[in-house]
Asks: 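Just dropping this structure here.
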Amino acid sequence: MREHDGAGRGRLQGRREFLKRTGLGGMGLFATGPIAAFLSACGGDSNGATAGTSGGAASLGRPLRMHQDAANGPLFAPFLRTFDKQYAPLTVEGSYVAQDYAATTQTQLAGGSVDYDVLFADEGFAEKWYDAGWLRGLDDLDGIDDVLAAMKPELLPSLKAQDGRTIVLPYYRAAELFIYNADHLDKIGAKPPESWDEFVEQCRELKARGVVSTPYSPFWTADFDVVWSEFCAEALSDGAQLFDDEMQPVFADDDAARATLERWQLMYREGLVPRDVMTTAYGDLANVFAGGKSSFTMRYGAQLKGFTDPRSSRVARAAKNALTPGSARSTLDRGAFWMMTASTPAPPEAWKLLSFLAARDKQGAFTVPEGLVTGLGLQTPFPEVNRSPAVRREWARWCDVDLLLEQTEKARDLGPVVNQAWYGEYIQKASEILTDALRGSKPPADALGEMADAVRANL
Amino acid sequence: MSAISLPRPRSRRRRGEVPESVFGYGLVAPALLVTLALLAYPLGYSFWVSLHDVTLGAAHWRWVGLDNYRDVLSDPLFKPALLRTLLFAFAVTVVTLAVGLGFALLLDDDFRGRNLLRGILIIPWSLSQVMLALTFGWIFNSTYGPLNGLLKQFGVIDEYVAWFADGKVVMGIMALGLAWNLAPLATLLFLSALQTVPRELHKAALVDGAGPLRRFALITLPWLRETVLIVTILAALNGFLVFAPIYILTGGGPGTDTTLLSWWGYETGFRNLHLGESAAIFYVMTVLVGAIALLTTWALGRSKDA
């Protein structure tokens with residue numbers, strides 16, 4: 001039998017009473033923990049693990065630092081070794097962020113305790129970081145004009161800040177590609193669709209004939225707000241106009257944009273896409289197509305390269321690219337950017353690294369851009385690289401090169417809007433509106449109007 | 001039949017003896033001081049931030065008074081996020097209390113293998129919320145999740161169910177996961193409290209003809225009142241501050257269906273860098289959590305006095 005007495009109970013009460021009183025204060029402190037932790041992090045040390053290629057002193061007294069996303073950063077190791085050899089005694093080391101690259105990096109930059117010289121960012125961050133004083137302009141650097149002259153001229157506006165200064169160079173370019181499973185289409189005796197109506201009919205037939213239960217696996221995932229890119233790609237394929245030259249949103253009144261959202265609602269309603277597509281992680285969503293559980297998807301070349309790799313895909317032989325359906329057969333051309341920090345103590349040295357990564361090496365070869373094209377399945381802003389026979393041979397291993405080039409030719413970028421300070425936050429908002437709307441919560445016209453208002457609120 | 005209670009002897013204190021409550025405060029004072037020192041500054045600082053228009057990296061802060069609070073409270077996302085947060089915290093609390101108490105009652109009895117079972121029970125508690133979210137994400141995956149496989153094998157479903165397609169279902173799954181994670185702690189707390197319930201009371205009630213349910217309602221439950229309070233506060237707090245499952249499983253979606261206040265605060269601060277507004281969101285949460293804790297304490301105090 002357990003011991004118990006009244007006195008013991010009395011002592012217990014005293015402690016509990018105390019716990020009750022102090023617990024209230026403690027809870028208050030606890031709830032504000034996240035913001036407190038966040039604020040502490042602002043002045044904290046780097047979260048990124050560093051992986052150096054080599055040490056060594058150069059004129060800036062330490063190795064140059066390239067800051068990257070851990071998903072791709074380590075792939076740069078051979079390039080960094082090349083840099084070390086070519087530019088000795090200058091050396092470079094990589095710094096990688098495993099998760100939430102942009103949020104982590106901008107927190108580190110704000111904290112001011114990091115010493116990155118060159119770093120990358122997706123669309124939507126450059127102007128914000130430049131305005132915050134974390135990036136420097138590139139126009140005064142020796143040889144910048146040659147680098148810009150070698151690029152597709154239509155890209156140049158998207159490299160500039162609002163003050164007209166060049167602040168970024170392209171890391172890569174990528175056209176959203178229409179990807180299909182040729183075996184599935186063979187089963188219904190069809191060819192890749194040329195219009196979105198034909199596409200919907202094929203999806204219905206594939207489902208009705210039991211080839212797959214969810215014929216289309218679009219990247220409507222919350223990860224990286226890819227749903228916005230998918231929307232732009234499909235709308236552009238039908239000739240939509242999304243932003244005008246003044247960056248004003250014109251998609252609210254655009255028939256093709258509205259038709260895109262209407263089609264998305266229909267596809268979702270009819271169960272032609274996975275029902276949980278919006279909460280499926282990016283990798284899992286890729287596996288839907290790679291596992292043969294869908295017949296169509298849209299994504300860039302790097303993804304198609306993965307789909308055609310038998311080590312990571314069950315549909316390696318069947319995964320093909322085609323021109324996007326739609327009246328314009330266009331798509332979205334998007335990318336990421338390299339930039340130089342304002343805090344770098346030696347801009348000329350950092351420029352050597354930046355131009356090496358974004359354009360030519362010391363010998364004048366496009367080592368990194370070409371390496372990204374052949375190794376990762378990306379595209380470059382340099383027509384010279386895209387025309388190279390070696391690059392075409394590599395592309396031919398995983399895609400129909402002629403169609404890829406035609407699609408790239410027809411692809412359109414969104415212009416300078418992608419580097420506006422508000423753009424990163426905007427695409428997050430737009431993604432929320434799109435995912436709400438495609439589930440039928442609001443008419444497409446209302447959703448597009450809401451998205452356009454969100455842009456105007458920032459202009 | 002009314003609740004049976006033992007007569008409580010009056011506590012008598014000898015002259016010169018330090019009062020028990022003072023002694024208690026003295027014991028915890030060092031830990032409390034460290035905690036306050038580490039949290040008081042950021043707490044005050046973040047409140048100061050919430051009164052400014054602060055964007056990370058901006059050179060100047062602009063004093064806006066309570067504008068951030070006004071903006072947060074008038075944001076169309078606030079009401080749905082608040083409602084979801086309250087519902088989520090409520091669901092987590094109720095399930096944690098029910099499961100924790102249920103297991104504690106089971107484990108309170110003597111049976112072979114009880115110690116082993118107690119050990120096994122701790123496992124969910126030892127999982128981080130990140131692991132928990134990944135595990136639940138895998139179990140409920142619509143393409144290869146074992147739950148769908150199991151249900152299909154048993155003929156319960158014809159097609160795999162997309163559990164994460166509906167925000168309400170996802171919230172339910174996340175609440176279930178969090179409660180599963182917290183239930184072992186609740187069980188341990190209830191178990192230790194159960195072991196202080198005097199057997200004499202049960203015996204006396206048995207003599208009076210009380211059945212198991214009445215004995216539970218009139219003897220056991222009143223005895224567990226303080227433990228219920230602690231578990232309620234712990235579970236509600238965890239429910240309010242849930243983050244990792246949203247971060248890993250839904251990203252606040254589909255749409256904004258799983259955007260709770262904690263996620264909204266994170267997005268506003270960490271992703272969009274609006275620190276003032278983010279701080280205001282977290283301060284609104286602080287007030288709410290404090291109010292709920294106060295309410296819980298008051299309600300339990302009242303029931304005790306009744």
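What you see below is based on every heavy atom in this structure, not just the backbone, and it leaves out hydrogens, waters and symmetry mates. In what follows, every chain begins at residue 1, and chains take the letters A, B, ... in the order their sequences are listed. On a predicted model such as this, the values are computed, not experimentally measured, just so you know.
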Asks: Taking the side chain as every heavy atom from C-beta outward, state whether A:T279 and B:P254 have any atom pair closer than 4.5 Å.
Replies: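 Counting from C-beta outward, A:T279 and B:P254 do come under 4.5 Å.
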
Asks: Among B:G167, B:G137, B:A162, which residue has the highest count of heavy-atom pairs closer than 4.5 Å to chain A?
Replies: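 Counting heavy-atom pairs under 4.5 Å, the top option is B:A162.
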
Asks: Could you tell me whether B:R271 atom CZ has more than 12 heavy atoms of other residues or ligands within 6.0 Å of it?
Replies: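 Check passes, neighbour count above 12.
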
Asks: Does CG belonging to B:D158 count more than 12 external heavy atoms closer than 6.0 Å?
Replies: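 No, because the 6.0 Å sphere around CG of B:D158 holds 12 heavy atoms or fewer from other groups.
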
Asks: Could you state the interatomic distance from CE (A:M278) to CZ (B:F164), rounded to the nearest 0.5 Å?
Replies: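 If I round to the nearest 0.5 Å, the distance is 13.5 Å.
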
Asks: Counting only non-hydrogen atoms closer than 4.5 Å, does A:V288 touch chain B with its backbone (N, CA, C, O), its side chain (CB onward), both, or neither?
Replies: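 For A:V288, side-chain heavy atoms alone lie under 4.5 Å from chain B.
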
Asks: Among A:K128, A:E425, A:R275, who wins on heavy-atom pairs under 4.5 Å with chain B?
Replies: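 Looking at each option in turn, the highest pair count goes to A:E425.
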
Asks: Highest number of heavy-atom pairs under 4.5 Å with chain A: which of B:Y144, B:Y247, B:F47, B:Y41?
Replies: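 Max contact count across the listed options: B:Y247.
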
Asks: Do you know which two heavy atoms are closest between A:Y268 and B:A165, and how far apart they sit?
Replies: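 Smallest heavy-atom distance, with atoms named: OH-O, 3.9 Å.
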
Asks: CD of B:E267 to CD of A:Q428: how many Å apart, nearest 0.5 Å?
Replies: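 It is 4.0 Å, given to the nearest 0.5 Å.
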
Asks: So, taking the atom named NZ in A:K429 and the one named CG in B:L77, what distance separates them when rounded to the nearest 0.5 Å?
Replies: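 Here the interatomic distance stands at 6.5 Å.
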
Asks: When you look at A:D436 and B:T256, which way does the side-chain contact (heavy atoms from CB on, under 4.5 Å) test go after all the steps?
Replies: CA-CA 7 Å; A:D436 264 340; B:T256 51; 3.8 Å; yes

Asks: With side-chain contact (heavy atoms from CB on, under 4.5 Å) as the test, pick out the partner of B:N141 among A:T280, A:D276, A:D284.
Replies: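 Per the side-chain contact (heavy atoms from CB on, under 4.5 Å) rule, the option paired with B:N141 is A:D284, out of A:T280, A:D276, A:D284.
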
